[in-house]
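What follows is a short report on a single structure.
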2 protein chains.
Amino acid sequence: MKLEKITTKTKRRYEDSCGTAHALDLVGERWALLVMRELMLGPRRFSDLRANLPGVSANVLTQRLESLEGSGVLRRRKLPPPASVQVYELTEWGLEAEPIILSLGRWGARSPLQDDSLPISAMSAILSMRAMFDPARTEEKLDMTLAFHFDQDAYTVNVREGRLTAERGEADEVDVEIRGSPSDVLGVVYGLSSLEEAERAGMLTVTGDRAGFLRFASAFELPPKACA
Amino acid sequence: MKLEKITTKTKRRYEDSCGTAHALDLVGERWALLVMRELMLGPRRFSDLRANLPGVSANVLTQRLESLEGSGVLRRRKLPPPASVQVYELTEWGLEAEPIILSLGRWGARSPLQDDSLPISAMSAILSMRAMFDPARTEEKLDMTLAFHFDQDAYTVNVREGRLTAERGEADEVDVEIRGSPSDVLGVVYGLSSLEEAERAGMLTVTGDRAGFLRFASAFELPPKACA
DNA sequence: CTGTATCCGTGTTGATACTG
DNA sequence: CAGTATCAACACGGATACAG
C-alpha cells in the first residue's frame, strides 16, 4: 500500500518508462508543443506568444511556461537594460525537439480533414518550409538568402549545401525579398497558386532574384492527402 | 460577435492551419499517441491495448479509439471466423505517424527527469530499438534475424542493409533468441548492464548466435542526458 | 471474456475580469 | 505589458453495471 501523497500536486503522468510516454509527460499537455514551436527561432516575450497562439488564454499560457521551465525545456531570462523585458527561450535540449514538431507537421499535412482557411503564424510558415524542403527536387544546387517579410515579422532563410536554415530578423545581403501573409507565401512556395496570379491579386511582392525564388519554390512539394 | 454554436459538439481544436497544430488536433489528446504506438506493429484488440497502457480507463480508451477512427488514423476490423474478434489497426496514413513517435522517444530519452523504474511495454521496447538503431556504429555490416520473447509476446527483428524492421510473432529461421523482460533486454542492448551480469542474475537468456547479438547491441547508443 | 455505457469526484481548460 | 483570480464547462480516471 502506498502512502498518501501529502501534497495535492497530483500531476497526471503516464506511468510508463517508454521514452515516447515520458516525452508526452513533458510536452503532451495542450499548447505545450505550440509554445515550443513559437520559440524555435529564438526568445520571445509573453505577448508575442499569446499573439501567435490563437485562442490560448493568459492563465494557461502561464501554466505551460511554468511547467516547461520546470522540466528544463525552456528558461525565462530578463534582457539587460535598456530593454529590461522578460523573454522565454528554449534550452539546448528544448531546441532539439524540432524533429518532433517537423514530423508532426509533415504528418498533419497529409490529413484529409485539414482546414487551410485558418490563420497561420509566421513561425509556422517558416517551420513548414523547413519540414518540406527537399533539395533533391531542384536541378541546380541552390545557394541563396531569402528575406521573408510577413505582416510584422521579418525572417531570413538561408539555403546552403542542401540545408535550409532560418533566423528571425533581416540579414544584410539578401538575394530576394518576399512580402505577403504567411499563408499566401506558402501557397506560392508549395505551388498551390502561381507567383503571377498571387502578384496580380496583390497578395505577394517579390523583389530581387525572382528566378531564384522560383527555383527555391521548386524544391518544395506538398505531400498528397491520405485517402479520406 | 460570433453566433453561438448550435451543436454542442464543442470539440476543442487549435484554430491554426499549421500542420503541427492540426496533427495535434488529431492525436494530441491524452493517450492517443500511445494507442497508436501499440498498434504500430499490426492490429490488436481492446484488451491488449488496455493491458499495455497502464492506467488508461476503459471509457477513455473507447473514446480515443472512436476519435482516431473518425479521423482516419485507424480502423476497426472484425477478424473472420473462427476468430471473430474485433481488432483495431492503423490505416496506411496512421502507420506513417511512426516518425512522430520515434522522434518523441529519442527526445524523451534525453530527459534528466525520466524514471527508468517504471514498466515498459513490449512494443515500446521494440520501437525504442527502432528509434536508436545506428548501423554506422558497427564495424561489420549486420545482417541477422533476432527473436525477442518478452513475457507473453514474441517479436521478430530483422536487420538488413542497415535497416531494422520488426514484426509481431515468431519467424521460422532466427539467428538468435532473446528471452527476458522488455526492460532487462533493453538494459543489455543499450549497454547499461553487461550480458554476462544479466544472465547471471537470471534476467536474460540468449540462445543461438551470442556474438551476433553482442554485435547487434553495439549498434545502439543511449544519448546523453540533457544537463539538468 | 470483450467491449460499451453511465455515474461521479477531481483536475484541467478557457473566457473574462482584474492587478502590479 | 505580464501576468493573477475567479468561475463555469469540460475531460479524465475509477468504479460499476450492462450487452453479446
Side-chain angles (χ1 to χ4, degrees), chain A residues 2 4-5 7-16 21 24-35 38 43-69 74 76-79 81-89 152, chain B residues 1-2 4-5 7-16 21 24-25 27-35 38 43-70 74-79 81-89 152:
Chain A
K2 271 189 230 170
E4 283 289 314
K5 284 184 191 136
T7 60
T8 36
K9 276 193 68 177
T10 337
K11 246 195 121 181
R12 212 142 42 188
R13 279 172 297 114
Y14 298 109
E15 303 287 337
D16 191 330
L24 290 171
D25 282 334
L26 302 177
V27 300
E29 292 160 305
R30 205 167 156 70
W31 296 107
L33 276 168
L34 297 185
V35 169
E38 290 301 317
R44 311 198 78 171
R45 40 215 296 201
F46 192 89
S47 20
D48 290 326
L49 295 173
R50 237 195 130 175
N52 287 290
L53 297 170
V56 74
S57 54
N59 51 2
V60 171
L61 183 53
T62 302
Q63 273 179 228
R64 253 354 65 95
L65 289 169
E66 274 169 5
S67 131
L68 292 172
E69 188 183 10
L74 59 79
R76 78 179 63 196
R77 200 156 54 85
K78 195 158 197 113
L79 292 183
S84 291
V85 292
Q86 192 169 231
V87 292
Y88 298 87
E89 72 180 347
Q152 322 281 345
Chain B
M1 185 144 82
K2 269 190 232 172
E4 284 288 315
K5 283 182 190 139
T7 61
T8 37
K9 277 193 66 175
T10 337
K11 245 195 120 181
R12 220 148 27 194
R13 280 172 297 115
Y14 298 110
E15 303 287 337
D16 191 330
L24 291 170
D25 282 335
V27 302
E29 291 161 307
R30 203 167 155 70
W31 296 109
L33 275 168
L34 297 184
V35 169
E38 290 301 317
R44 312 198 77 172
R45 41 217 296 202
F46 193 89
S47 20
D48 291 326
L49 295 173
R50 235 194 134 175
N52 287 291
L53 297 171
V56 73
S57 54
N59 48 6
V60 171
L61 183 52
T62 302
Q63 273 179 227
R64 250 359 62 96
L65 289 169
E66 275 170 4
S67 132
L68 291 172
E69 187 182 11
L74 58 80
R75 68 174 75 88
R76 77 180 63 197
R77 199 154 56 84
K78 195 159 199 111
L79 293 183
S84 291
V85 293
Q86 192 171 229
V87 293
Y88 299 86
E89 72 180 349
Q152 322 281 344

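Lettering follows sequence order; numbering is per chain, from 1.
- Residue Arg45(B) contributes atom CZ, which lies 16 Å from atom C1' of dT4(C) at whole-angstrom precision.
- Under a cutoff of 6.0 Å and an axis angle of 45°, Arg76(A) and Phe46(A) do not form a cation-pi pair.
- The interatomic distance linking Arg50(B) (CZ) with dG3(C) (P) rounds to 11 Å, in whole Å.
- Taking atom CD on Glu29(B) and atom P on dC10(D), their separation rounds to 15 Å, with Å as the unit.
- Counting non-hydrogen atoms under 4.0 angstrom, Ser47(B) reaches the backbone sugars and phosphates but no base.
- Residues Arg75(B) and Glu89(B) have side chains in contact (heavy-atom distance under 4.5 Å, counting atoms from C-beta outward).
- Shown here for Ala32(A) and Val27(A), the closest heavy-atom pair between the two residues is CB-O, 3.6 Å.
- Partners of Glu38(A) according to the side chain to side chain contact (heavy atoms under 4.5 Å, CB included) rule, which considers only residues two or more places apart in sequence or in another chain, are Arg44(A), Leu49(A), Asn52(A), Leu53(A), Ser121(A), Met123(A), Ser124(A).
- Atom-to-atom, CZ of Arg12(B) to C1' of dG14(C) comes out at 7 Å; the value is rounded to the nearest Å.
- Closest to the Phe46(B) side chain, of the nucleotides dT4(C), dC12(D), dA2(D), is dT4(C).
- In terms of heavy atoms, Asp16(B) sits closest to Pro54(A) at OD2-CD, 4.1 Å.
- In DNA chain C, stems built from 3 or more consecutive Watson-Crick or G-U wobble pairs, each with both distances under 3.5 Å, span C:1-20 with D:1-20.
- The backbone N or O of Arg13(A) lies less than 3.5 Å from no partner atom in the side chain of Asp25(A), so there is not a single donor-acceptor pair.
- Here the C1' atom of nucleotide dT6(C) and the CG atom of Leu61(B) are 17 Å apart, to the nearest Å.
- A heavy-atom distance below 4.5 Å is found between the side chains of Tyr14(A) and Arg30(B).
- Residue-to-nucleotide proximity on DNA chain D shows that, of Gln86(A) and Arg30(B), the 5′-proximal contact is made by Gln86(A).
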Residue pair Glu29(A), Arg12(A): steps toward the side chain to side chain contact (heavy atoms under 4.5 Å, CB included) verdict: CA-CA 10 Å; Glu29(A) 292 160 305; Arg12(A) 212 142 42 188; over 6 Å; no

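- Straight-line distance from the CD atom of Glu69(B) to the P atom of dT4(C): 9 Å, rounded to whole Å.
- Atom CZ of Arg44(A) and atom C1' of dC1(D) are 16 Å apart (whole Å).
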Dump the pairs, protein N or O against N or O of nucleotides 14-18 of chain D, anything under 3.5 Å, distances to one decimal.
unit_1, atom_1, unit_2, atom_2, d
dG14(D), OP2, Gly55(B), O, 3.0
dG14(D), O6, Asn59(B), ND2, 2.5

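- Distance Trp31(A) CH2 to dG14(C) P: 6 Å, rounded to the nearest Å.
- The Arg64(B) side chain lies nearest to dC12(D) when the options are dC12(D), dT13(C), dT2(C).
- In this structure, the nucleotide among dT4(C), dG14(C), dT13(C) sitting nearest to the side chain of Tyr88(B) is dT4(C).
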Working for side chain to side chain contact (heavy atoms under 4.5 Å, CB included), residues Trp31(A) and Leu61(A): CA-CA 8 Å; Trp31(A) 296 107; Leu61(A) 183 53; over 6 Å; no

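- Within the 4.0 Å cut-off from OP1 or OP2 of dC12(D), at least one side-chain nitrogen or oxygen of Gln63(B) is found.
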